Every structure is written in structure tokens, then in C-alpha cells.
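Here is the structure we will look at, set down as C-alpha cells.
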Amino acid sequence: MMDTLTSLRVFVAIAELKSFTAAGSRLRLSPAMTSKHIQHLETRVSARLFNRSSRKVSLTEAGVVYLDSVRVLLEGLEEAEARISSTTVTPRGTLKVSVPVWMANPRFARLIAAYQRRYPDVTLDLDVEGRIVNLTDEGFDLAIRGARTLDEGLIARKLADVPFLLVAAPALLQRLGRPQTISNLHNLPFLAYTPIIADGRIVIGNGKDAREIQFEPVMQSRNETMLLLGARAGMGFAIMPLPLIEDDLASGLLEQVLADEMRVTAPLYAVYPTRSYQPAKVRSFLDFLIEHGDL
């Protein structure tokens, strides 16, 4: 009889490596035995799990659904075995993470490089499309979000407070003048982040101290990198997260405007599915981010 647990491990290996041959090599199985394990699973679930051709191996729709459940099962088994034997689980496998567009910056790149050096058995799969992904349906282990957006079955863990600054290119400031007060900002050209301030209207402060600014949007985008490029080119003023622009500020490509009045902070959260346990790869990544703190 086939060992179903081994078959499941073969299935996950093929899904990750996209190759029957590579998966067999990893698990020290012959090509024939690798195929037999998949045939065993397909018989059990009465569905084809892989699309196979001479050049490509990909999951079927049933295979995608099955993979999510099997990964959770195997990770849970590994965790349980480690708890019983009082050993430390080594983080391994593919860690699929959704992050905001602005986190494609040198600081975060250095951070994930340091994480990978510490945990070389973890492969990072980063989605930087800037959309709100469905963690469960799309197979994400966690998402990093600038807002505590939670669907049922998710929990959030605060990672850091991120400063956002008003910036502009020196050439733009020379042409329009450097604003000295908040009122000087009215009707100035603005690069608007569509999901939050598409119309260029910003309220600073709370209650009786609240002050409204009405910029004149000259470009709208939900991609922070596009807004950054526009700001560098002198198109308009922009509100940018510090980790994305710190090199530009240091080099003089951008200047901060009204540093005291226009500096705000926003919380950054890690969002992940609620589970009775956390896979070692997820727990280690979360702990690493919190340990370093300055995202």
C-alpha cells in the first residue's frame, strides 16, 4: 500500500518545484515512484491534481484547492511533532506575503535579505501589486497592510508606526516657492494616492484644531512608485512614506515641506489567518519584522 503521508509530501514538492523530476530528487524517489504517489492521491480525491505536458507542470483548479489544505496539514504535523519531542522547528518552505507597493524600497530589501540569511530554507514569494488580497482563497500566508482591514477568520498584529511626509522636488519649490504655512499649500499641484486622497483634500489635526488643505491634483494613482517618480520629476507635491523616500531626501532629489505640520504616522499591520498554531516560517517572519521594528 502507498504511504499517503509521503504522497502528500510528494504533491507539495511538485507544486513548489513545478517538476516531477526535481521533486523526486528532493525526496530521493525514482520518477516512477513519484508518479505513483500522485496517482494514489488522485485516486483518493477522484480528481486530477496536475496538468502535465513535456515542458510544464501546473496545478489544476482542484490541485490549487487541495494544496492549501495539504500545506496546513503538513505544517501542523511538523509543529505537533516538534512540540512532543521538544525540538525546535526550522522554518522552511515558501512564505507567500502580500505587501504594499511602497515597501519595494531599499530598507525593506535589506530587511528581507537579512531574514533570508538567518532562515535560508525559507523562500519568499512577495506580491507587490498593492491590492487587498484574499489570504485564504489565494493561498497567502500573511499580508502587510497600512490599515487594519480584517475579513472573518483573520487577525492583525501591529508591526510599526510609519511616518508619512509631504515632499517635493527642489526644482518645483524654486519655481513655486517654498510654503511657509499650511495655508500656502492651497491649490498647489498634487500627486494623489487614489485610495485615500484622490480629490487632493486633506484634513490636518482634530476637532477645533482641524485644518483643511485643498491641493490641485495633477496626477492620480494607486501605485506609490508612480507617484514618487512624478514627485522626482517636479510634477507636484506628494505625501510619501519615509522608508520609500529616505534615500531621495538624503541625496537631495526631494525635500521635506513643512516638517512640523505635515508629518503624520500611520500604523502598519501584519494580517494572517487565525489558526490554532502558526507555521514556523510565518512565526519566524513576524518575529523578525517586530524585532527590527523600523520598517
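As the structure is a computational prediction, the values presented were derived from the model and not from experiment.
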Heavy-atom distance under 4.5 Å between the side chains of [X] and [Y], does that happen here?
{"X": "S284", "Y": "L95", "value": "no"}
{"X": "L111", "Y": "F288", "value": "yes"}
{"X": "V64", "Y": "L67", "value": "no"}
{"X": "V167", "Y": "E255", "value": "no"}
{"X": "N51", "Y": "L59", "value": "no"}
{"X": "I245", "Y": "L228", "value": "yes"}
{"X": "L254", "Y": "L165", "value": "no"}
{"X": "L41", "Y": "S7", "value": "yes"}

Under 4.5 Å between side-chain heavy atoms, hopping through other hydrophobics if needed: is there a path connecting [X] to [Y]?
{"X": "I38", "Y": "V70", "answer": "yes"}
{"X": "L242", "Y": "V101", "answer": "no"}
{"X": "V122", "Y": "I112", "answer": "yes"}
{"X": "L49", "Y": "L17", "answer": "no"}
{"X": "L227", "Y": "L249", "answer": "yes"}

Sidechain-backbone polar pair: [X] side chain, [Y] backbone, donor-acceptor under 3.5 Å:
{"X": "N105", "Y": "W102", "value": "yes"}
{"X": "S46", "Y": "E42", "value": "no"}
{"X": "K158", "Y": "P267", "value": "no"}

Query raised in the report: side chain to side chain donor-acceptor pair (under 3.5 Å) with T194: which residues, sequence neighbours excluded?
Result: none
Could you give the distance from [atom1] ([X]) to [atom2] ([Y]), rounded to the nearest 0.5 Å?
{"X": "Y115", "Y": "K281", "atom1": "OH", "atom2": "NZ", "answer": "9.0 Å"}
{"X": "T94", "Y": "D125", "atom1": "OG1", "atom2": "CG", "answer": "7.0 Å"}
{"X": "R9", "Y": "D3", "atom1": "CZ", "atom2": "CG", "answer": "8.0 Å"}
{"X": "N184", "Y": "T181", "atom1": "CG", "atom2": "OG1", "answer": "3.5 Å"}
{"X": "R26", "Y": "I14", "atom1": "CZ", "atom2": "CD1", "answer": "10.5 Å"}
{"X": "L135", "Y": "F140", "atom1": "CG", "atom2": "CZ", "answer": "7.0 Å"}

Would [X] and [Y] pass as an ion pair if we require N to O under 4.0 Å?
{"X": "D287", "Y": "R157", "value": "yes"}
{"X": "E16", "Y": "R92", "value": "no"}
{"X": "K96", "Y": "D127", "value": "no"}
{"X": "E61", "Y": "R48", "value": "no"}
{"X": "E261", "Y": "R211", "value": "no"}

Report task. Flag the pair F237 / F190 as yes when their ring centroid distance falls below 6.0 Å, and as no otherwise. Result -> no
Query raised in the report: Between F50 and F11, is the ring centre distance below 6.0 Å?
Result: yes
Can you see which heavy atom on [X] is nearest to which on [Y], and at what distance?
{"X": "P179", "Y": "L173", "value": "CD-CD2, 4.1 Å"}
{"X": "R145", "Y": "L268", "value": "O-CD1, 3.4 Å"}
{"X": "P120", "Y": "R117", "value": "CD-O, 3.7 Å"}
{"X": "D141", "Y": "P273", "value": "O-CD, 3.4 Å"}
{"X": "D121", "Y": "P91", "value": "CB-O, 3.5 Å"}
{"X": "A198", "Y": "P217", "value": "O-CG, 3.8 Å"}

Requested in this report: Take F285 and L124 through the test side-chain contact (heavy atoms from CB on, under 4.5 Å) and record every step on the way to the result.
Outcome: CA-CA 10 Å; F285 191 65; L124 289 163; 4.1 Å; yes
Requested in this report: Apply the test side-chain contact (heavy atoms from CB on, under 4.5 Å) to residues Y269 and L159: give CA-CA distance (whole Å), side-chain angles for both, the deciding distance (0.1 Å), then the verdict.
Outcome: CA-CA 5 Å; Y269 295 94; L159 297 175; 5.9 Å; no
Requested in this report: Might you work through the side-chain contact (heavy atoms from CB on, under 4.5 Å) test for M240 and L166, ending with a clear yes or no?
Outcome: CA-CA 7 Å; M240 293 274 110; L166 179 67; over 6 Å; no
Report task. Determine, stepwise, if the pair N187 / F215 fulfils side-chain contact (heavy atoms from CB on, under 4.5 Å). Result -> CA-CA 4 Å; N187 299 318; F215 285 101; over 6 Å; no
**Report entry** Selection residues 213-226 - residue pairs positive for side-chain hydrogen bond (donor to acceptor under 3.5 Å, both in side chains), sequence neighbours left out
**Finding:** none
Query - Within 6.0 angstrom of R131 CZ, more than 12 heavy atoms from elsewhere - result: yes
**Report entry** Pair H37, T6: side-chain N/O donor-acceptor within cut-off below 3.5 Å
**Finding:** no
